[in-house]
Amino acid sequence: MSNTKFKQTTILNVQHVSFAYPKRDLFTDLTFSINQNERVAIIGPNGIGKSTLFNLICGQIKPDSGQIRCYGDINYVPQIDYEGEFDAKSAGEKRLELIENTIWLPGSILLLDEPTVYLDAENSRNLVYLLQHYDGAIIIASHDLSFVNQVCQRTLILRPHQLINFPGNYDNFVQQQKIEAQEVANFNEKRAIAQKQITARITSLRDKSVRFAQYRPTRDDPGRLVTKSKDSVQKSLNARVKRAERELKKLPKQASFYQHQIYLPKIHATNEKLRSYQIRIPQLLSPQKEELLKETSLTVKTGELIGILGENGVGKTTLLKYLEQYFTEQTWGQKAIYLGFNDTVAKSKQTVEQFFKETDLAKADVKRLLVQLDLFADLDTPLTVLSGGELAKITLMKSLYLSEKKILLLDEPTNYLDPESVTAIAKLLKQAQFTCLVVSHDQKFLEMFCQKQYQFKDKKLIQK
Ligand SMILES: Nc1ncnc2c1ncn2[C@@H]1O[C@H](COP(=O)(O)OP(=O)(O)OP(=O)(O)O)[C@@H](O)[C@H]1O
């Protein structure tokens, strides 16, 4: 009887699942379930195992132990990218089309891995609407917190060897974490005060004991403790020291609070000669010869971080490619490099060590960088096994180490990155005074880090 009820409401049941790749232990005893029509977010840093969890749920890979039972059909939109950068549709348009086509398929559970990557603000809003009206359960793995907050009412937070099953959206979780962080800070403060007081007491008692041992009464100064034997005073002092030491040992341990933070090493500023480039674009055509921009211009100054905004399909990537060629053709030597998602890198047979060969970084530097980037990868890890975010991070970092004195043309650099990595990389770009033109739909990122922004509007570039 209770079993029938269980099956009616539970659509997915993950019981005591453990899973490891050959050199990477991912899950130990993972247990959770999803009910019919629930909307659940999976949040966690890059490489923690979100896509792997989806692959386990779909049965593409098998758990080492434990069980996964799904009581319905699954539709899965993985975290993929597209080959052929210059076909008729932009990455955002293709991404949306794929998700929309999947949403209409019959099924009772929808798995979406980073669904908003490449989507502009309006398409993201449309997707929220579509998902709100989806008849079935939805699980979304995403670093786009504002999106998941709008769609999901429950959150699974993945941390190293830990799953937090939080009965609210991620915003609620962050609020709760703030309260917990404050409680931990208060507890540690009180503990530190107690520790200081006891330590001071021990020091003073020990001093007293030493002074007393050295004390020799004279006729003029017979001492205040003449009534007690010297031995008993010494014993009592030692006992008090021991008691205080026991008190110190009994103090509870310092409380800790999990915080995922990334600190990247500084890159030396390039001391570039200050220049201001007035770039006139007579016309920009798409590969299909459609007009994307007509007679427009932009100004780029050395060391500036410039954001470029525009709807899906408006021509942002084509503009960056145009600028790459523009800078390369100039005679004054400063070259530009375009950095977008690179399918060739993702599929390459290189190891991490081979990938960084072109840079000046020694093996030890690359190893250190992997740790600083919070990557589980090692020098001999093949690029093909890296998660989307891991690959994005090392591709971007390599380009920074390669591009001294170059102009960086970054196409959606925050795609697939967890929020802590976004902040760390943006700070690094700013600190190293790279000249950067950044195409992004991540409005928050652009506002935080760019000195100015251009927007595609009516086939012109308008400074915001
Ligand atoms: N076939 C494999 N062999 C070894 N390690 C692998 C393999 N596939 C993935 N990994 C590693 O397992 C970890 C989890 O990868 P996964 O793609 O599940 O992470 P994720 O949480 O989805 O990351 P992101 O947020 O970057 O998308 C990563 O460290 C990755 O390098």
Side-chain angles (χ1 to χ4, degrees), residues 14 17-28 30 32 40-64 68 76-81 95 111-118 139-145 147-148 155-164 170 258 260-262 341-343 345-353 355-356 366-367 369-397 412-425 442:
V14 174
V17 162
S18 296
F19 179 80
Y21 287 117
K23 283 190 181 174
R24 176 92 163 84
D25 230 351
L26 274 186
F27 307 124
T28 322
L30 203 65
F32 66 91
V40 179
I42 299 189
I43 308 285
N46 291 131
I48 198 75
K50 301 177 294 296
S51 305
T52 306
L53 182 57
F54 277 174
N55 291 335
L56 283 164
I57 294 172
C58 287
Q60 289 176 5
I61 48 177
K62 297 270 169 262
D64 299 333
I68 299 178
Y76 177 25
V77 181
Q79 188 192 88
I80 45 166
D81 276 282
R95 184 93 183 127
L111 306 183
L112 300 174
D113 198 349
E114 294 291 351
T116 58
V117 156
Y118 293 117
I139 313 180
I140 303 174
S142 177
H143 301 295
D144 183 344
L145 303 178
F147 174 79
V148 292
T155 316
L156 299 176
I157 297 110
L158 279 175
R159 288 182 179 171
H161 299 287
Q162 192 197 6
L163 173 82
I164 301 174
Y170 192 68
Y258 174 88
H260 178 239
Q261 276 178 332
I262 292 187
F341 179 80
N342 192 334
D343 215 35
V345 174
K347 288 183 185 152
S348 111
K349 291 206 164 63
Q350 282 185 319
T351 61
V352 169
E353 185 184 348
F355 184 64
F356 275 95
V366 177
K367 256 186 122 116
L369 186 64
L370 294 175
V371 175
Q372 284 158 334
L373 286 169
D374 197 25
L375 294 189
F376 299 96
D378 211 336
L379 291 176
D380 61 353
T381 305
L383 299 186
T384 44
V385 309
L386 294 182
S387 75
E390 289 175 329
L391 191 67
K393 278 198 243 185
I394 66 160
T395 313
L396 190 57
M397 290 310 289
E412 301 274 6
T414 63
N415 277 355
Y416 305 117
L417 295 186
D418 59 42
E420 295 81 16
S421 303
V422 171
T423 311
I425 288 173
D442 188 341

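If you're wondering where the values come from, they're calculated on a predicted model, not measured in any experiment. Values below: every heavy atom of this structure, side chains too, minus hydrogens, waters and symmetry copies. Read the numbers this way: they start at 1 and go in the same order the structure lists the ligands and their atoms.
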For ligand 1, find out whether one of its N or O atoms is nearer than 3.5 Å to an N or O atom of P22. no
Does the N or O separation between F376 and ligand 1 drop below 3.5 Å for any pair? no
Compute whether any side-chain donor of one residue and acceptor of the other, for N46 and H143, lie under 3.5 angstrom apart. yes
Quick one: does G44 get within less than 4.0 Å of ligand 1, heavy atoms only? no
Within the structure provided, determine whether L111 and C58 are in side-chain contact (heavy-atom separation under 4.5 Å). yes
Please work out, at 4.0 Å between heavy atoms, whether the side chain, the backbone, both, or neither of K23 comes within that distance of ligand 1. neither
Any heavy-atom pair between the side chains of L370 and I394 that's under 4.5 Å? yes
Which ligand 1 atoms, with their elements, are less than 4.0 angstrom from a heavy-atom of S51? 17 (O), 18 (O), 20 (P), 22 (O)
So which of V366, L379, L383, T381 actually passes side-chain contact (heavy atoms from CB on, under 4.5 Å) with F355? L383
Less than 3.5 Å between some nitrogen or oxygen of L386 and one of ligand 1, yes or no? no
Say whether L26, considering both its backbone and side-chain N or O atoms, lies within less than 3.5 Å of an N or O atom on ligand 1. no
Could you tell me, atom by atom, which parts of ligand 1 come under 4.0 Å of a heavy atom of Q79? 27 (O)
Test your reading of the structure: does G47 have an N or O sitting under 3.5 Å from an N or O of ligand 1? yes
Using heavy atoms and a threshold below 4.0 Å, how should the contact between R24 and ligand 1 be classified: side chain, backbone, both, or neither? side chain
Quick check: E114 and ligand 1, any N/O pair under 3.5 Å apart? no
Can you classify the ring geometry of Y21 versus F19 as parallel (below 30°), tilted (30 to 60°) or perpendicular (above 60°)? perpendicular
Any side-chain heavy atom of D378 within less than 4.5 Å of one from K23? no
